[in-house]
Amino acid sequence: MNGGLLVAGTTSDAGKSVVTAGICRWLVRRGVKVAPFKAQNMSLNSFVTREGAEIGRAQAMQAQACRVEPTALMNPVLLKPGGEQSSQVVLLGKPVGELSARGYHGGRQQQLLGTVLDCLAELRGTYDAVICEGAGSPAEINLRRTDIVNMGIARNARLPVLVVGDIDRGGVFASFFGTVALLSPEDQELVAGFLVNKFRGDVSLLEPGLDMLHGLTGRHTYGVLPFRHGLGIDEEDGLRVSLRGTVRESTVAAPVGEDVLRVAVCAIPLMSNFTDVDALAAEPGVVVRFVDRPEELADADLVVVPGTRGTVRALEWLRERGLADALGRRAAEGRPILGICGGFQVLGEHIEDEVESRAGRVQGLGVLPVRVRFAREKTLTRPVGEALGERVEGYEIHHGVAEVTGGDTFISDGEGHSSDGCRVGQTWGTHWHGSLESDGFRRAFLREVAAAAGRRFVPAPGTSFAALREEQLDRLGDLIEQHADTDALWRLIESGAPQGLPFIPPGAPA
């Protein structure tokens, strides 16, 4: 087998990432050697591979669904927004510069097509099947000429295309039909059919519409996936949850101790790797919410200042909102604060930035004895250390270099030498993303937080974040296996789009 498939969507956040992961897990359970691929990803939610390459976290999650190690081949182009108009371009895991949207779509994107196709060809030469994910919608007609992630790659690699639509949003039939009808005849030849996502209710009520859609387009619907809570793992393009909602839709077990722990996450601009708090939300008795007002910190037992792609902008925002003063008061009162990556940097004394914001020297919040200087070279590592007597793993993605001038060691190298971050009282800071996924360390840290907050909270002894992640991926595989036409899907992956699919006018504008 040397199969492939492109999972496209009628919109951003239609469910492409989770459907791709579900197909990958379904295939690997059938004994297929499979890999994920996304040619170009725009996301502030990234991961570091073992070889030190930065890729989208969604592709790392999909690689886990495939039970393989993620590599830069799986996401050759990563765009990390730095504002409304520009992004850092990460090519094969390394940053290569900043570009405006006009500059990228005006020529640079098309220049990357050869690299993207080479990466896909290498994966297809290694694996039985490669399940590719598109971006946004394939019918973005203003971008089709330079497209390298949707129909551009489908045409070049002769991949069949499955279009996913989120019926929970409404308008899914119009979205399916319109997506096909806005493609050129050559592109339409590869659009094999549709997959309905997030359906609530009786499928029999939907079937007449699916029959009419087939009559109008000549294309089958390959499945209707029911709405399921808690499957939004490692989103790419934005923060799905409300700033005042919970971090995930899923429910967890009741607390082990008498009290819960309340965690408030500052919803700073250009927030990156907000998945760092998923491991906290997975703990029974830990309630996580995103906040943007100082009064929302009042009842929090722990405040997390997360990573950001705009450290100086985040500092300005914290001050504008009154959150900076609230954090200063918390630190003085000995109430727990955790800063991660950019959040660690803003807690320091000052930042010298001639790289990211080019703002020069900027005063930090001054609650940690740390001075930060932004280097042009990005730190991309997968470190291992020890904290609170427990082994801890993480990954680093940052330009800021921290000089720690005081305080206590947070993470050591296991031999008594400081490895990263610092601690003063109940204010903690680290550059390590993902550290809270280390179960022993997370439990030890939560015990410290509970003691400082005066809460009778007890971490659940058996919570394994890795096991919970595997359960989620298996649930995605189950969705595909139970609610998709897997025989037809198998034929599509193995043999390509059906021949003779009809053209739906008007087609792409001339």
Side-chain angles (χ1 to χ4, degrees), residues 7 13 15-32 34-36 45 47 56-70 74 131 133 164 168 195 197-200 223 225-236 240-241 245-256 260-261 263 273-288 392-395 433-443 446 458-484 486:
V7 178
D13 204 28
K16 297 183 293 290
S17 295
V18 292
V19 167
T20 299
I23 293 173
C24 288
R25 179 51 60 102
W26 161 65
L27 285 172
V28 81
R29 293 195 306 206
R30 292 190 63 170
V32 177
V34 60
N45 219 10
F47 183 74
R57 250 197 94 98
Q59 279 61 66
M61 175 267 291
Q62 290 161 357
Q64 186 176 348
C66 297
R67 297 182 179 140
V68 298
E69 273 292 321
M74 297 171 182
I131 307 302
E133 180 187 343
V164 178
D168 197 48
L195 185 73
N197 192 29
K198 297 185 184 178
F199 180 72
R200 305 174 191 251
L225 306 185
F227 187 97
R228 290 288 186 267
H229 286 286
L231 293 180
I233 51 178
D234 291 0
E235 293 96 335
E236 299 179 347
R240 178 196 304 267
V241 295
T246 55
V247 69
R248 285 289 177 264
E249 300 156 329
S250 58
T251 57
V252 295
V256 174
V260 299
L261 276 186
V263 179
N273 288 68
F274 56 82
T275 49
D276 282 335
V277 299
D278 282 1
L280 294 178
E283 280 284 346
V286 176
V287 180
V288 178
V392 58
E393 298 180 45
Y395 54 100
H433 293 291
S435 62
L436 293 167
E437 296 179 19
S438 298
D439 298 325
F441 165 69
R442 182 180 65 253
R443 287 192 280 268
L446 290 175
V458 178
T463 303
S464 166
F465 186 75
L468 290 171
R469 172 54 55 86
E470 277 295 303
E471 288 174 14
Q472 283 187 308
L473 293 172
D474 276 331
R475 289 175 67 197
L476 292 177
D478 292 342
L479 275 180
I480 298 299
E481 194 165 323
Q482 295 167 11
H483 299 283
T486 52

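Only a predicted model underlies this, so the values are computations on that prediction, with no experimental measurement involved. Numbering starts at 1 and runs along the sequence shown.
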Novice: Return the set of residues passing salt bridge (Lys or Arg N to Asp or Glu O under 4.0 Å) with D478 (not counting sequence neighbours), or none when no residue passes.
Specialist: R29
Novice: Can you give me the closest heavy-atom contact between A65 and L473, atom names plus distance?
Specialist: N-CD1, 3.8 Å
Novice: If you measure from CZ on R57 to CD on Q62, what distance do you get to the nearest 0.5 Å?
Specialist: 12.0 Å
Novice: Can you name the closest pair of heavy atoms from A460 and R443 and give their distance?
Specialist: O-CD, 3.4 Å
Novice: Please find the pair of heavy atoms, one from S464 and one from D439, that lie closest to each other, and give the distance.
Specialist: CA-OD2, 3.4 Å
Novice: With sequence neighbours left out, write down each residue that passes side chain to side chain contact (heavy atoms under 4.5 Å, CB included) with V68, or none if nothing qualifies.
Specialist: A63, C66, M74, Y127
Novice: Report yes if the side chains of V7 and I23 come closer than 4.5 Å at any heavy-atom pair, otherwise no.
Specialist: yes
Novice: Taking only residues two or more places apart in sequence or in another chain, which ones pass side chain to side chain contact (heavy atoms under 4.5 Å, CB included) with T486?
Specialist: W26, I480
Novice: Can you give me the closest heavy-atom contact between S17 and M61, atom names plus distance?
Specialist: O-CE, 4.3 Å
Novice: Side chain to side chain donor-acceptor pair (under 3.5 Å) with E471: which residues, sequence neighbours excluded?
Specialist: none
Novice: Do you know which of L476, L195, L479 makes side-chain contact (heavy atoms from CB on, under 4.5 Å) with V19?
Specialist: L195
Novice: List for me each residue that meets side chain to side chain contact (heavy atoms under 4.5 Å, CB included) alongside E393, sequence neighbours excluded, and say none if there are none.
Specialist: V384, R391, S438
Novice: Can you name the closest pair of heavy atoms from G15 and N197 and give their distance?
Specialist: CA-ND2, 3.6 Å
Novice: Give me the atom names and distance for the closest heavy-atom approach of V458 to V256.
Specialist: O-CB, 3.6 Å
Novice: Find out whether F465 and D278 are in side-chain contact, i.e. whether some heavy atom of one side chain is under 4.5 Å from a heavy atom of the other.
Specialist: yes
Novice: Kindly write out the residues that satisfy side chain to side chain donor-acceptor pair (under 3.5 Å) with D276, not counting sequence neighbours, or none if the list is empty.
Specialist: H433
Novice: Mind checking whether P459 and R442 have side chains closer than 4.5 Å, heavy atoms only?
Specialist: no
Novice: Just so I know, are the side chains of R25 and V28 near enough to count as touching, which here means a heavy-atom distance under 4.5 Å?
Specialist: yes
